[in-house]
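For ligands, and for the atoms within them, numbers begin at 1 and follow the listed sequence. A quick note: this is a predicted structure, and the numbers were derived from the prediction, not measured.
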Amino acid sequence: MTEKFKAPRGTFDVLPEQQSVRRRIAEVARRRLEAAGYGRMDTPIFEDTNLFARGVGESTDIVQKQMFTFEDQGGRSLTLRPEATASVCRAYLEHGMQQLAQPVKLWTDGPFFRHERPQAGRYRQFTQINAEGIGSDSPLVDAEMILLAHDTLAELRVPDVRLRLGSLGTPATRAAYLDELRDYLRSHERDLSEEVVARIDVNPLRAFDADHEGTRRVMDGAPTLLERLDQADAEHFDAVRRLLDRNEVEYHLDPTLVRGLDYYTRTVFEFECERLGAQSGIGGGGRYDGLIEQLGGPPTPGCGWALGVDRVALALQKNGGDGVKARIGVFVVAEEGERDRALNVVTELRRADIPADLDLAGRAIKGQMKQADRVGARHALILSADAKATLRDMGSGEEREIDPATLVETLSSR
Ligand code: HAM
């Protein structure tokens, strides 16, 4: 028996009935971003592996475990992009965008790849819409960014969205804070769960997420990173919060918010949709003031986000579907002997930008009428052997004879 092929694990086909919701997500985001001065750019699907190792961070799960890396015929190591920010920053440097008026505002979308354990909402190929503002450290950029993502999700009516907001300060502040937290945890070791104790060195922040009662009590008194920000970082964060308040964006302050990428400094944020369960993150981002330098450029601040299109689509489908069906304006129904004429009529309509379709499977008249209904046609145009044409309103059932010569004119006016 021949082998049956399936889409690779963690990937999926996007079928026609799933297209309209995804297209709408992309269109709303594109319109909002471009109306705010963000220019579209595309970067390659694969890049030099070192770009991600350096950009995303050697110690992250993404670089350690999740990259699809391969060698080309010339022995160079390439990687399917796991995210967009490193590529966009590379392009910023490669095209001398430091010379342009700053900040440079860019957006992109497309497929991204991470070798993760697949589950609902977590895939090995997924789609992101990504926005970056590079070249200004003003809190206005952080606020503009968050507002654009917030308003996009609001326009799409994604239900139950929650915005978590935090600040990581500088890498030095963060390192000093983690040392302080480790000392604090060690001094309370007796009250903590074994699991938390085992992770004090690797990931002390995990202790904040623990359900264990003793651990929770200890963590109520634990120092937070937000309390340890230096003055400049604290003022920056206050300014971002003030701007969000002024623009009526609700957020939950989360002093323990951690992100899966190493480049973040200062502001970090995540949008969640609680209806999605375990994979509730529908978008996230933050400021990355050290990244461009990390990639060999001059010190250049930046800030951005990515929305997860697959998860936003899931959230909208859970909310009762997208409600939009591809609509055919006219379904041409042909009596036997009129089938060739049907294609002429459909072509004429399509050339006049009227969405039209016809039977391609040799159905009898009754079957063709059923098909007209199935595709959601507004009108059926019945071509009979006497060279006449009858237009039927599929909603009301009303029928009237029309002159085939004035077809386009008649239908355009409807
Ligand atoms: P991220 O949080 O890794 O950030 O991804 C952003 C969004 O992409 C997530 O919130 C999620 O919706 C979606 N996503 C990520 N991984 C998967 C997956 N395996 N399956 C389905 N959806 C997924 C970034 O990628 C940063 N580059 C965002 C950014 C831009 N920060 C600054 N600028």
- Protein contact to atom 20 (N) of ligand 1 [nearest heavy atom, distance to 0.1 Å]: Y123 N, 3.0 Å
- Query: When the aromatic ring centroids of F68 and H115 are compared, is their separation below 6.0 Å?
  - Reply: yes
- Task: For the residue pair Y263 and Y288, categorise the inter-ring angle as parallel (less than 30°), tilted (30 to 60°) or perpendicular (more than 60°).
- Result: perpendicular
- Query: Using 4.0 Å as the upper bound for N to carboxylate O, is an ion pair formed by R392 and E398?
  - Reply: no
- Query: Would you say the side chains of E34 and W107 form a donor-acceptor pair under 3.5 Å?
  - Reply: yes
- Message: Does this structure show an ion pair linking R40 with D42, if we count only N-O contacts that are shorter than 4.0 Å?
- Response: yes
- Query: Can an N or O of G283 be found at a distance shorter than 3.5 Å from an N or O of ligand 1?
  - Reply: yes
- Task: Check each heavy atom of N130 against ligand 1 and say whether those closer than 4.0 Å belong to the side chain, the backbone, both or neither.
- Result: side chain
- Message: Heavy-atom pairs closer than 4.0 Å: do any link ligand 1 to the side chain of E116, the backbone, both, or neither?
- Response: side chain
- Under-4.0 Å salt bridge between D373 and K370: no
- Task: Among all protein heavy atoms, pick out the one at the shortest distance from atom 22 (N) of ligand 1; state its residue, atom name and that distance to 0.1 Å.
- Result: R311 NE, 3.5 Å
- Message: Does E195, at its CD atom, have more than 12 non-hydrogen atoms belonging to other residues, nucleotides or ligands within less than 6.0 Å?
- Response: no
- Of all protein heavy atoms, the one nearest atom 5 (O) of ligand 1 is Q128 NE2, 3.2 Å
- Strictly under 4.0 Å, does any heavy atom of G10 approach an atom of ligand 1? no
- Among protein heavy atoms, which lies nearest atom 30 (C) of ligand 1, and at what distance? T85 OG1, 3.0 Å
- Query: Do the numbers put R81 on top of the ring of F112, so that NZ or CZ is under 6.0 Å from the six-membered ring centre and no more than 45° off the axis?
  - Reply: yes
- Task: Report the nearest protein non-hydrogen atom to atom 13 (C) of ligand 1: residue, atom name, distance rounded to 0.1 Å.
- Result: G308 CA, 3.7 Å
- Task: Distance to 0.1 Å, residue and atom name: give those for the protein heavy atom nearest to atom 12 (O) of ligand 1.
- Result: G281 O, 2.7 Å
- Task: May I ask you to check whether Y251 and F269 place their ring centres under 6.0 Å from each other?
- Result: no
- Quick one: which of F271, Y264, F126, F112 has a heavy atom closest to atom 17 (C) of ligand 1? F126
- Out of F113, W305, Y263, Y288, the nearest non-hydrogen contact to atom 26 (C) of ligand 1 is supplied by Y263
- Query: Is it true that D142 and R287 have a side-chain N and a carboxylate O under 4.0 angstrom from each other?
  - Reply: yes
- Note on the structure: For atom 21 (C) of ligand 1, the closest protein heavy atom turns out to be G121 O, 3.3 Å
- Any heavy atom of G260 sitting closer than 4.0 Å to ligand 1? no
- Message: Counting only heavy atoms, tell me which of Q279, R259, E132, E83 gets closest to atom 4 (O) of ligand 1.
- Response: R259
